[in-house]
A.B. asks: 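One structure, pasted below without further comment.
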2 protein chains.
Amino acid sequence: MDLFRQKCKEYNLKTTPQRVVIYNEIRNSKEHPCTDNMFKKVRRIFPDISFDTVNRTLLTFTEIGILNVVEGYGGPKRFDPDLNNHHHFWCIRCNNIIDLYNKSYDNMKIVKGVQKGFTVLRKKVILEGICNKCNRRD
Amino acid sequence: MDLFRQKCKEYNLKTTPQRVVIYNEIRNSKEHPCTDNMFKKVRRIFPDISFDTVNRTLLTFTEIGILNVVEGYGGPKRFDPDLNNHHHFWCIRCNNIIDLYNKSYDNMKIVKGVQKGFTVLRKKVILEGICNKCNRRD
DNA sequence: CTCGGTGCAAAATGTTTGCAAGTAC
DNA sequence: GTACTTGCAAACATTTTGCACCGAG
């Protein structure tokens with residue numbers, strides 16, 4: 001919440017009730033929701049909010065760095081409230097994303113080809129496959 | 001081309017002229033085109049093809065494993081003709097994807113949390129940042 | 001000849017924009 | 001009071017679906 005207020009001040013954003021609710025909901029989220037998921041969640045608390053506001057707010061949050069967008073395959077955007085360095089396992093069947101925390105992944109070196117002239121902001125490992133639940137279901 | 005014919009046989013797909021053209025174009029592509037890029041490319045060779053066929057064919061190709069879809073952030077799907085193990089640098093400004101080849105990335109271990117019950121089909125490293133061209137442009 | 005593939009048009013899905021009215025500061 | 005935000009509606013972009021016709025095997 002401090003981060004939120006601080007960033008709002010920094011970027012001249014007003015702390016509207018809508019933004020507060022969206023911030024709290026995504027912070028408390030353990031998943032990687034898409035905009036529509038967030039809209040449904042937020043509307044339980046703030047029934048008159050528009051989809052539009054949720055969408056714009058999520059994009060604004062990624063711009064000011066209190067949220068990340070995570071990799072997907074062309075479907076709806078998905079957001080990640082965890083700003084710590086972490087990695088993902090992606091189930092290609094149920095589309096679930098599982099967070100992975102691993103020091104050796106974090107410490108991975110940046111390959112030479114990318115160093116000159118490039119700025120690397122984030123580096124992450126993505127594992128793709130079938131999760132335990134989907135495997136069990138077969 | 002052999003891979004193409006073999007896979008078509010395997011999955012009972014007909015080798016239509018449309019599919020042949022699409023296959024050749026994506027194979028010769030050094031980029032990571034989206035469906036619309038492919039449509040434009042293919043239409044130069046096969047002017048009467050529909051967008052629809054290109055889209056369906058690309059999806060079919062990913063299903064039979066002669067193409068991969070690559071990670072994105074909710075925009076149009078992008079395809080990758082390179083089936084070898086490789087990694088990506090992603091410019092968040094110009095949206096360009098640069099292929100990275102690196103043995104130590106290839107040899108990365110799979111973390112323990114994912115081993116029981118999970119099937120890992122692919123693993124890759126994604127670097128996100130600003131590419132040399134975009135940096136120069138500032 | 002037959003079944004899968006194509007092209008078209010329409011629908012569905014997801015995102016963005018323009019603007020009048022509202023509200024945080 | 002003013003500038004930023006919101007909600008709405010319409011536009012846009014991308015993908016998917018249904019179906020009649022076509023053509024590769």
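Hydrogens, waters and symmetry mates are skipped; everything else that's a heavy atom, side chains included, is used. To find a chain, count down the sequence lines: A is the first, B the second, and so on, and within it residues start at 1. Quick caveat: nothing in here was measured; it's all calculated off a predicted structure.
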A.B. asks: Can you tell me the distance, in whole Å, between the CG atom of B:Asn55 and the C1' atom of C:dG7?
C.D. replies: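 Computing the B:Asn55:CG to C:dG7:C1' distance gives 13 Å.
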
A.B. asks: In this structure, how many angstroms lie between the P atom of C:dA11 and the CG atom of B:Asp52, rounded?
C.D. replies: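 Checked: the CG to P distance equals 15 Å.
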
A.B. asks: Both A:Val54 and B:Lys77 contact DNA chain D. Which one's nearest nucleotide lies toward the 5' end?
C.D. replies: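 The 5'-side residue here is A:Val54.
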
A.B. asks: Have a look at A:Asp36 and say if it touches a base, only the backbone sugar-phosphate, or nothing, with a 4.0 Å heavy-atom cut-off.
C.D. replies: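 Result for A:Asp36 = nothing.
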
A.B. asks: Whether B:Thr57 contacts C:dG5 is assessed here as follows: a side-chain N or O lying under 4.0 Å from the phosphate OP1 or OP2. Is that the case?
C.D. replies: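 Looking at the OP1 and OP2 atoms of C:dG5, neither is under 4.0 Å from any side-chain N or O of B:Thr57.
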
A.B. asks: To the nearest Å, give me how far apart CD1 (A:Ile22) and P (D:dT6) are.
C.D. replies: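 Rounded to the whole Å, the gap is 7 Å.
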
A.B. asks: Taking only side-chain nitrogens and oxygens of A:Thr15, does any of them come within less than 4.0 Å of OP1 or OP2 of C:dC25?
C.D. replies: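 For C:dC25, OP1/OP2 do have a side-chain N/O of A:Thr15 under 4.0 Å.
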
A.B. asks: B:Arg78 CZ to D:dT14 P: how many Å, rounded?
C.D. replies: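 Answer to the nearest Å: 12 Å.
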
A.B. asks: The side chain of A:Lys14 is closest to which nucleotide in this list: D:dT15, D:dT5, C:dG5?
C.D. replies: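 Ranking D:dT15, D:dT5, C:dG5 by closest atom to the A:Lys14 side chain puts D:dT5 first.
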
A.B. asks: Without decimals, in angstroms, what is the distance between B:Phe51 CZ and C:dA10 P?
C.D. replies: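 So the two atoms are 17 Å apart, to the nearest Å.
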
A.B. asks: Angle class for the A:Phe4/A:Tyr23 ring planes (parallel below 30°, perpendicular above 60°, tilted otherwise)?
C.D. replies: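 Because their plane-to-plane angle is under 30°, the rings of A:Phe4 and A:Tyr23 count as parallel.
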
A.B. asks: Of all the choices, D:dT5, C:dG7, C:dG5, which nucleotide is nearest to the side chain of B:Phe46 once you look at every atom?
C.D. replies: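 Nearest to the side-chain atoms of B:Phe46, counting from C-beta on, is C:dG7.
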
A.B. asks: When you group the ILVMFWY residues by side-chain heavy-atom contacts below 4.5 Å and let the links chain together, are B:Ile130 and A:Val111 in the same group?
C.D. replies: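 The answer is no; the residues belong to distinct hydrophobic clusters.
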
A.B. asks: Using only atom types and a distance under 3.5 Å, with no angle test, would you say the side chain of A:Ser29 pairs donor to acceptor with the backbone of A:Glu25?
C.D. replies: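 Side chain of A:Ser29 to backbone of A:Glu25: no pair is present.
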
A.B. asks: From CG of A:Asp48 over to C1' of C:dA21, roughly how many Å is that when rounded to an integer?
C.D. replies: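 To the nearest whole Å, that distance equals 15 Å.
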
A.B. asks: Tell me whether B:Arg19 contacts the main-chain N or O of B:Lys14 through its side chain, where contact means a donor paired with an acceptor under 3.5 Å.
C.D. replies: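 Between the backbone of B:Lys14 and the side chain of B:Arg19 there is a qualifying donor-acceptor contact (under 3.5 Å).
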
A.B. asks: With each end axis built from five pairs of C1' atoms, what bend angle do you get for the helix from C:dC1-D:dG25 to C:dC25-D:dG1? Round to 10°.
C.D. replies: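 The end axes of the helix from C:dC1-D:dG25 to C:dC25-D:dG1 are about 40° apart, to the nearest 10°.
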
A.B. asks: Please say yes or no: joined through hydrophobic side-chain contacts below 4.5 Å, possibly via intermediate residues, are A:Leu83 and A:Ile98 part of one cluster?
C.D. replies: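 No, because A:Leu83 and A:Ile98 fall into different hydrophobic clusters, even though each may have its own neighbours under 4.5 Å.
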
A.B. asks: How do B:Thr53 and A:Pro17 order along DNA chain C: which one's closest nucleotide is nearer the 5' end?
C.D. replies: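 Nearest nucleotide further toward 5': that of B:Thr53.
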
A.B. asks: For B:Tyr73 and B:Glu128, test the side chains for any donor-to-acceptor distance below 3.5 angstrom and give the result as yes or no.
C.D. replies: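 Side chains of B:Tyr73 and B:Glu128: pair found under 3.5 Å.
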
A.B. asks: Could you check how far CG of B:Asn37 sits from P of D:dT14, rounded to whole Å?
C.D. replies: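 It is 10 Å, rounded to the nearest whole Å.
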
A.B. asks: Does B:Gln18 place a side-chain N or O at less than 4.0 Å from the phosphate oxygens OP1/OP2 of D:dG23?
C.D. replies: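 No.
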
A.B. asks: Strictly distance-based, threshold 3.5 Å: is any side-chain N or O of A:Asn68 a donor or acceptor partner for the main-chain N or O of A:Val70?
C.D. replies: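 No: the side chain of A:Asn68 does not pair with the backbone of A:Val70.
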
A.B. asks: Provide, to the nearest angstrom, the distance between the CZ atom belonging to A:Arg19 and the P atom belonging to C:dT23.
C.D. replies: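 The answer, rounded to whole Å, is 15 Å.
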
A.B. asks: Strictly below 4.0 Å: does A:Arg56 bring a side-chain N or O up to OP1 or OP2 of C:dT16?
C.D. replies: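 It does not, given that no N or O in the side chain of A:Arg56 lies less than 4.0 Å from OP1 or OP2 of C:dT16.
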
A.B. asks: So which one's nearest nucleotide on DNA chain C is more toward 5', B:Ile49 or A:Pro76?
C.D. replies: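 This one resolves to B:Ile49.
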
A.B. asks: Quick one: CZ on A:Arg93 to CG on A:Asn96, what's the gap to the nearest 0.5 Å?
C.D. replies: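 The CG atom of A:Asn96 is 13.5 Å from CZ of A:Arg93, to the nearest 0.5 Å.
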
